[in-house]
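The structure appears right after this line, and notes come after that.
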Amino acid sequence: MSTRVAAPRSRTTRTRVRVLICCLATLFVACAVGTPAWAASPAPRVTGPLTGGVHDRPWGAAAFNPEDFGYTEQEYLVSGTAHAYGTARPDVPYVTRMVVYRPADPERFSGNVTVEWTNVTAQVDHAFEFLWLNRQTFANGDAYVVVSAQQAGACGILLNGQPMIDVGGISVPPCTPVSLKAWDPIRYGALWVPDDAYAFDVFSQVGSTLRNTTGVAPLGGLVPRTLIAIGLSQSAIALDNYIRTGADDAARVYDGIIIDGDGQMTLPSRYRVPTMHIWSEESGQMGVPTAAPNHRIWSVAGAAHVDWYGVRQSAELLLHNIAALPPMTAANYRESIAASSVYGQQGPNLSVPCLGSSQFQRRYAVNAAVAAMQRWVRTGEPAPVAPPFVYNGIKRAVDALPVELSLPLLAGGGLDLVKLGGLPWGLQRDAVGNALGGIRLPQMAVPVARYDGAICGLFGVTIPFAPEDLAQRYPTHRVYVDAMLAATRESVRERFMTRADGIEQMQMACSSAIPDWGVTPPAAQPAVCRNLDSAV
């Protein structure tokens, strides 16, 4: 294993984050943490692929069958000795897992590998980004790797599988019921993930094994040309700190990093490799340059922290895993995608009273960011520069809380404090309530709804325009489709939207009934809708 250099302890910072930011859902449990008796491994060791267990499949396995898309889904254990960057704590053993998706046909492999730090906000190991990115991954021939870097997902906060202990007269189980080890104690019985100070090195070491050419090769002999790290929300904050604590400098594993919805932690002071921050409306900051050497910030107007597509796909995945349902067929999965791909064009849904999530398709910006990062790393052409949000300095009532609550947050040795409260400024909005500035994807450039990503906690709101208002903007369906096509072409040209997503966006616009709510059958759609491959 390469020599590691401990970075100085990161300075405590206090930042402001919208109410209900994902990372603050974590409840801390006071209990002792044991240490296993086995000797430390000199380097990361991969075993697998795993089979068997209570459920005979990985936790978080895709709700569909990856084989239908020409992909394999395999799970491996990775073990070694982890370092706690930013601290003087001793190195400790770990055993964690990764799930690998790769093309079954080696000839299809693009050379690109995306590595996701799973989100454990709900104390469940969850690869949220993969729900947005899997179709693009499969279409491009990329590989995708899901890494369980944190103790909360493997066993539980401050739990890594030690024997039953007594806390205040109450017996605390070895792992929480929703953790990997509790869900399948046979398959995951060997997991031993130390506390979050060690998570950065665990993430590095798992990534390093993807370049294995001897022994167990998780990519099945495929040789990656680019390794890009990505994480959402709590995991995005972890990646901020992965850079700030010196873990990235020491390991030098990843070729690019995408930090998605990072909750306004203090940004790193420099970036070793190309790094992108994606900010939805609740996570943006005022006065931060959107472009710097090796760095881009994409502020996405209309975007909530998570969108309806991601929430719906998450619910299906969890249902399939918890209820042990058989995988969906490819046709069923396409139907699920269609049901998730709405943006207010069909009228109001539960998003209006804050019972659902925003219908603004935030995933389009994530797909485009991955494509831009792959191009940046492989060709040296940076991701495009995006305009910032426009702020007005006015604090909205929804942002003002009477109490500010501080809780400790993953920081890898130092404790950064996140302040639960409103920002001292607000986004400037137009007459219908849509934010100004930022990346303006077609749904914002040619709106059919108000998209406010900074209310309803993490979930935002979509309030469709009434048909009479739509008719004033778009007198006919053809007028609307033409306007959407022009905006879509512009977003694709600027590289804030992939061409594949542009075609999908136009399919939704064509099948809408704007200026009315509902659906237009194919035969009644404008002629341009019959050949979108050429139009976009």
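Just so it is clear, the structure is predicted and the values come from calculations on it, not from any experiment.
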Could you go through the ring-ring contact (aromatic ring centres under 6.0 Å, His included) check for Tyr71 and Tyr144 one step at a time? CA-CA 10 Å; Tyr71 268 69; Tyr144 202 99; over 10 Å; no

Test log, rule side chain to side chain donor-acceptor pair (under 3.5 Å), inputs Trp308 and Asn349: CA-CA 10 Å; Trp308 169 245; Asn349 80 338; over 6 Å; no

Hey, does the side chain of Asn434 reach the backbone of Ala449 with a donor-acceptor pair shorter than 3.5 angstrom? yes

Counterpart residues, side-chain contact (heavy atoms from CB on, under 4.5 Å), relative to Ser235 (two or more places apart): Trp117, Asn119

Compare all side-chain heavy atoms of Asp482 with those of Tyr480 and state whether any distance is below 4.5 angstrom. no

Salt bridge (Lys or Arg N to Asp or Glu O under 4.0 Å) partners of Asp142, counting only residues at least two apart: none

Paired with Phe459, the side-chain contact (heavy atoms from CB on, under 4.5 Å) test is passed by just one of Val306, Asp307, Leu355, namely Val306

Could you walk me through whether Asn134 and Thr137 satisfy the side chain to side chain donor-acceptor pair (under 3.5 Å) test, starting with their C-alpha distance in whole Å, then the side-chain angles of each, then the deciding distance to 0.1 Å, before giving a yes or no? CA-CA 5 Å; Asn134 62 63; Thr137 296; over 6 Å; no

If only atom types and distance count, is the side chain of Arg135 paired as donor or acceptor with the main-chain N or O of Trp132 below 3.5 Å? no

Pair Arg499, Thr488: side-chain N/O donor-acceptor within cut-off below 3.5 Å: no

By ring pair (Phe, Tyr, Trp, His ring centres under 6.0 Å), which residues pair with Tyr343, not counting sequence neighbours? none

Residues two or more places apart in sequence or in another chain: which of them pass side-chain contact (heavy atoms from CB on, under 4.5 Å) with Ala143? Arg102, Phe109, Val113, Leu219

Are a donor atom and an acceptor atom from the side chains of Tyr364 and Gln505 found within less than 3.5 Å of each other? no

So, using side-chain contact (heavy atoms from CB on, under 4.5 Å) as the criterion, who are the partners of Pro467 when residues are at least two apart? Asp516, Trp517

Hydrogens and angles aside, do Asp125 and Thr118 bring a side-chain donor and acceptor to less than 3.5 Å of each other? yes

Residues that Ser340 engages under side-chain contact (heavy atoms from CB on, under 4.5 Å), provided they are two or more places apart: Tyr309, Arg312, Gln313, Ser336

